[in-house]
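Okay, structure first, notes after.
This is a predicted model, so every value here is computed, not measured. So that the names make sense, note that chain A is the first sequence line, chain B the second, and so on, each numbered from 1. Reckoned from all heavy atoms, side chains included, excluding hydrogens, waters and symmetry mates.
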Amino acid sequence: MLKERGISKKDLSRKEFLDYAWEWKEKYGGIILEQLKKLGASCDWDRTRFTMDEELSEAVIDTFIHLYKKGWIYRGVRMVNWDPQGKTAVSDEEVIRKEVNQKLYYIRYAVVNSELVKTKEITPHSLLTTNYLTIATTRPETIMADAAICINPNDERYFHLHGKKALIPLINREIPIILDEYVTMDFGTGCLKVTPAHDLNDYELGQKHLLPVIDILNDDGTLNENAQILVGEDRFAARKKIAVLLEEAGALAKVEEYKSQVGFSERTNAVIEPKLSMQWFCKMDEMAKPALDYVLNGEIKLIPEKFINTYRYWMENVKDWCISRQLWWGQQIPAYYLPNGAYVIAKTKEEALEQANKLITTTSPFTIDDLKQEEDVVDTWFSSWLWPISVFDGFKDPDNADINYYYPTNDLVTAPEILFFWVARMIMAGHEFRGQAPFKNVYLTGIVRDKLGRKMSKSLGNSPDPLELIEKYGADGVRVGMLLCSPAGNDLMFDESYCEQGRNFANKVWNAFRLVKGWEVDTNLPNNNQIAIEWFDSRFNQALTEIEDNFTQYRLSEALMATYKLVWDDFCAWYLEMIKPAYQQPIDQETYARTISFFENILKVLHPFMPFITEELWHDDELFGARADKDCCIVARLPYNGEVNTQLLLDVEIIKQVVTQIRNIRNTKQISPKEALQLSVKPNSSINYSQHQLIITKLANISELNLVNDKVNGAMSFLVATDEFFIPLNESLDPLAEAERLKKEKEYLNGFLKSVNAKLSNERFMSNAKPEIIEIELKKKTDAEAKLRILDDGLAALEN
RNA sequence: GGGAGUUUAGCUCAGCUGGUUCAGAGCAUCUGCCUUACAAGCAGAGGGUCACUGGUUCGAAACCAGUAACUCCCA
């Protein structure tokens, strides 16, 4: 925004910058809220809050003071990831490591000849005649910051160097040669230059050996006076120049190509500089322990569970949290420096002054102008981790109605990449400040990727605009599309075609509504649809249990799919077709009433996925009658624990198979759906086909359904379970082809029977397998045998 | 370098404690239909050596070991 207006941050005061930042926040924060509203997020929009709001900021400051008093916040020199371009410390997680082609410089350091040193006869010539050791480094510009050379004490090549000193080339500063097993003997030359100020490992090594820390870099990545040479040059320019200088001095042994990992700043893409700097830290170990326990003992559930391992690893190896940031946007750290460099922590400048004067007794007390507040602000997560409490003013007013009601909450939905930054720390803060975890379940969504598996990003331009998608497919369509490709815990490969599927589904619901709404009721008509109604009732109750089960396991895309199939297949494709009156014919009262009630239930199940269309249809007075004020789909109750007639469900599955078989015959025989067919059934099972006659004749366009005791010769036949069906066709049946078909089926059954028999005659199977498994195998056997007999009969009949 | 995870149909994924939920779903594909709710649709069909190699078992997509490829976290 500033760039667009041609404003540079350098020209602004802190106050001015913050004004712009707020302006930006109002604009873009507003856009995000609008997108959420458009997507149908059901929130209390009158009570939005922001971590920089006054009350929430106050909580941040109070927390800082609280933790400081506890001794958990301290100031320390630490190696941080310094972004020389942004001039700020960034967290480890904001550093992106990339493999980069670099050069490995081999540099000769003179080993100090004590004799020569004594006589101070160090000249280029004397150096040349002295012993050398060679080190390998990718960063020759840092040699001026070297504090030692380290070798492995077991390295036989360098026994003669023990206790000696070396000279840094170009600046001829003397540094000790130290021994540490940390050095890998077979990497590089086996001699390691130790540069505590500019490398994390070297820093630790330096601490161990009490080496001085010489920082030769400025905040912007240029060399400072400590470097003695190339002062003011940028680190990368200095690298090239020093290589030349070393070459000229005869100190450069060789240069090799080398691949290594280099850290880049996520924000500015600048190469990260390990830098010692004064930062504020928050101790983590004591807070991490209870936070880990909540998850390990199941008080907080992570979904999916696979994240527990990662969580545990992080919490067990937790490092102190660097909470200071060299930025303006954020809560300014409540530390006030005195002229002598000491500081006090206080909520306001006045309190700080009071404290300072209490602390130090001098003849002339400090004045308010003597105090200077810390410029740094806290890390953004230092406000976010308080969110579950601060959002309800739980710090200022720990017993207010809101927080008592909303804390702890049930579910937190968030992205796995901030499991540690945010989730873990919220758990810590929850425990520390309320003695209770802030939530029970953490649902970790996938990262949205594009079809090719790439992360959505601005630079790739592969992130779709939600508002555009909504424009194209409708908010419900987009929601369904997103959920269709969101299996729990996996990344989601987003593709617009899912939204298209969502839109088509919404369209389907709309059309079903149109159909039902168009029906006229004739109260004189009898209800012929009892079976269909009972069937769908059972099917709905069964599906509801399934859907609910999916929800409790946070399998959202599966809950959606179960709903999708219930609505599209069971309701639209089967039920509505079963009861649909002929064109412009009326429907009976009872069927109509039951269907409307089914439709209402359908809307309730659909609502979480498609809030807009369902609420819209719900309020159609014509179909559902006028509704009371607060009678909305969003709060409607689902009819749980409805009865499920399992036998009926099974019977209708058979009926559906019969219908499908007939349709299949039409398809293969090219018979128009308009042409009614005759159907004869020779039932061998217990299914009462006359009971289901209406459904079959309607869905398969059957003119008459006859129950017969004998085969019908010369008719097309098929089997469903063990029942035989016959359709006489106008054209004469080709007996050879028919025999061929039956033989093929027989062949398959024989093979199947053979494998079943093999199991049953296997002694070890019979003695080891569970009885119910054996029973199932036996049933397979008798069923297959029965079918084979029917096929044989059919074949025999054909031959006659 | 250390740790974790993934691999099932063209795509995205289910598949629990080994056996009728066992090879599944949706989409895509193919065939036939403008059948008065819906062509953004209807009806039907075809797709897989469950990454590979061994092992355990009466029985393995599932359990074990090894191999390969990919992903993530940490150094």
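Comparing T668(A) and E777(A), the nucleotide of RNA chain B nearest to each residue sits closer to the 5' end for E777(A). Across the interface with RNA chain B, nearest-nucleotide mapping of K565(A) and Q670(A) shows K565(A) to be the residue nearer the 5′ end.
Ring geometry for F420(A) against W314(A) counts as parallel: the plane angle stays under 30°, on a 0 to 90° scale with 60° as the upper cut. Note on ring orientation: taking the six-membered ring where Trp is involved, the planes of Y575(A) and F598(A) are perpendicular (angle over 60°, cut-offs 30° and 60°). Note: F624(A) and F599(A) have tilted aromatic rings, judged against thresholds of 30 and 60 degrees for the angle between ring planes.
RNA chain B contains the following stems of three or more consecutive Watson-Crick or G-U pairs, with both distances under 3.5 Å: B:1-7 with B:68-74, B:10-13 with B:24-27, B:29-33 with B:41-45, B:51-55 with B:63-67.
Candidate nucleotides A43(B), A37(B), A14(B) were compared by shortest atom distance to the side chain of L515(A), and A37(B) ranks first. The side chain of Y498(A) approaches U12(B) more closely than any other nucleotide in the set A37(B), A40(B), U12(B). The nucleotide whose nearest atom lies closest to any side-chain atom of N667(A) is, among G32(B), A37(B), G5(B), G32(B).
A donor atom on one side chain and an acceptor atom on the other are found under 3.5 Å apart for T591(A) and D588(A). The closest side-chain donor-acceptor pair between N757(A) and K781(A) falls under 3.5 angstrom. Side-chain atoms of Y443(A) and T414(A) include no donor-acceptor pair closer than 3.5 Å.
Counting non-hydrogen atoms under 4.0 angstrom, Y313(A) reaches the backbone sugars and phosphates but no base. Among the protein residues, K780(A) comes within range of the nucleic acid bases, having at least one heavy atom under 4.0 Å from a base atom. Contacts of Y564(A) with the nucleic acid, taken as non-hydrogen atoms under 4.0 Å apart, involve only primed sugar atoms and P, OP1 or OP2. Among the heavy atoms of the strands lying under 4.0 Å from N664(A) are primed sugar atoms or P, OP1, OP2 only; no base atom is included.
Between C63(B) and G19(B), the two P atoms lie 11 Å apart (nearest whole Å). Between C52(B) and A68(B), the distance separating the two P atoms is 16 Å to the nearest Å. Separation of the C1' atoms belonging to A28(B) and G10(B) is 7 Å when rounded to the nearest angstrom. Separating the C1' atom of U71(B) from that of G44(B) is a span of 40 Å, rounded to the nearest Å. For the C1' atom pair drawn from G26(B) and G66(B), the interatomic distance equals 36 Å after rounding to whole Å. A40(B) and G3(B): their C1' atoms are spaced 48 Å apart (whole Å). Rounded to a whole angstrom, the distance from the C1' atom of C27(B) to that of G46(B) is 16 Å. Here the separation of A65(B) from U21(B), taken at their P atoms, is 28 Å to the nearest Å.
Scored by the side-chain contact (heavy atoms from CB on, under 4.5 Å) test, K472(A) finds E496(A) as partners (sequence neighbours excluded). Not a single side-chain hydrogen bond (donor to acceptor under 3.5 Å, both in side chains) links R594(A) to another residue, sequence neighbours left out. With sequence neighbours excluded, no residue forms a side-chain hydrogen bond (donor to acceptor under 3.5 Å, both in side chains) with N768(A). Not counting sequence neighbours, the partners of K759(A) by the salt bridge (Lys or Arg N to Asp or Glu O under 4.0 Å) test are E777(A).
Put simply, W568(A) has a side-chain N or O that comes within less than 4.0 Å of OP1 or OP2 on C42(B). Neither OP1 nor OP2 of A37(B) sits under 4.0 Å from any side-chain N or O of Y583(A). The phosphate of G44(B) has OP1 or OP2 within less than 4.0 Å of a side-chain N or O from T660(A). Checking the phosphate oxygens (OP1, OP2) of G41(B), a side-chain nitrogen or oxygen of N504(A) falls inside 4.0 Å. The side chain of K580(A) places an N or O atom within less than 4.0 Å of a non-bridging phosphate oxygen (OP1 or OP2) of A37(B). In this structure, R503(A) does not reach the A40(B) phosphate: none of its side-chain N or O atoms is under 4.0 Å from OP1 or OP2.
Atom CD of Q501(A) is separated from atom C1' of C13(B) by 12 Å (rounded to the nearest Å). Rounded to an integer number of Å, the gap from CG of L649(A) to P of U21(B) is 17 Å. Between the C1' atom of G5(B) and the CG atom of L302(A) lies a distance of 16 Å, rounded to the nearest Å. Nucleotide A28(B) holds its P atom 11 Å from the CG atom of L484(A), rounded to whole Å. Between D569(A) atom CG and C38(B) atom P there is a gap of 19 Å when expressed in whole angstrom units. Here C73(B) presents its C1' atom at 12 Å from NZ of K319(A), a figure rounded to the nearest Å. The nearest whole Å value for the distance from the CD1 atom in I579(A) to the P atom in A37(B) is 13 Å. We find that CZ of F420(A) is positioned 8 Å from P of C74(B), with the value rounded to whole Å.
With its glycosidic angle within 90° of 0, U20(B) adopts the syn conformation. Taking 90° from 0 as the syn/anti boundary, the base of G47(B) is oriented syn.
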Interface polar pairs with nucleotides 55-58 of chain B, N/O, under 3.5 angstrom:
| from | atom 1 | to | atom 2 | distance (Å) |
| --- | --- | --- | --- | --- |
| C58(B) | O2' | N762(A) | ND2 | 3.0 |

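From I587(A), atom CD1 reaches atom CD of E520(A) across 11.0 Å, with rounding to the nearest 0.5 Å. Expressed to the nearest 0.5 Å, how far CZ of F752(A) lies from NZ of K780(A) amounts to 5.0 Å.
Below the 3.5 angstrom threshold, one finds a donor paired with an acceptor across the side chain of E577(A) and the base of A37(B).
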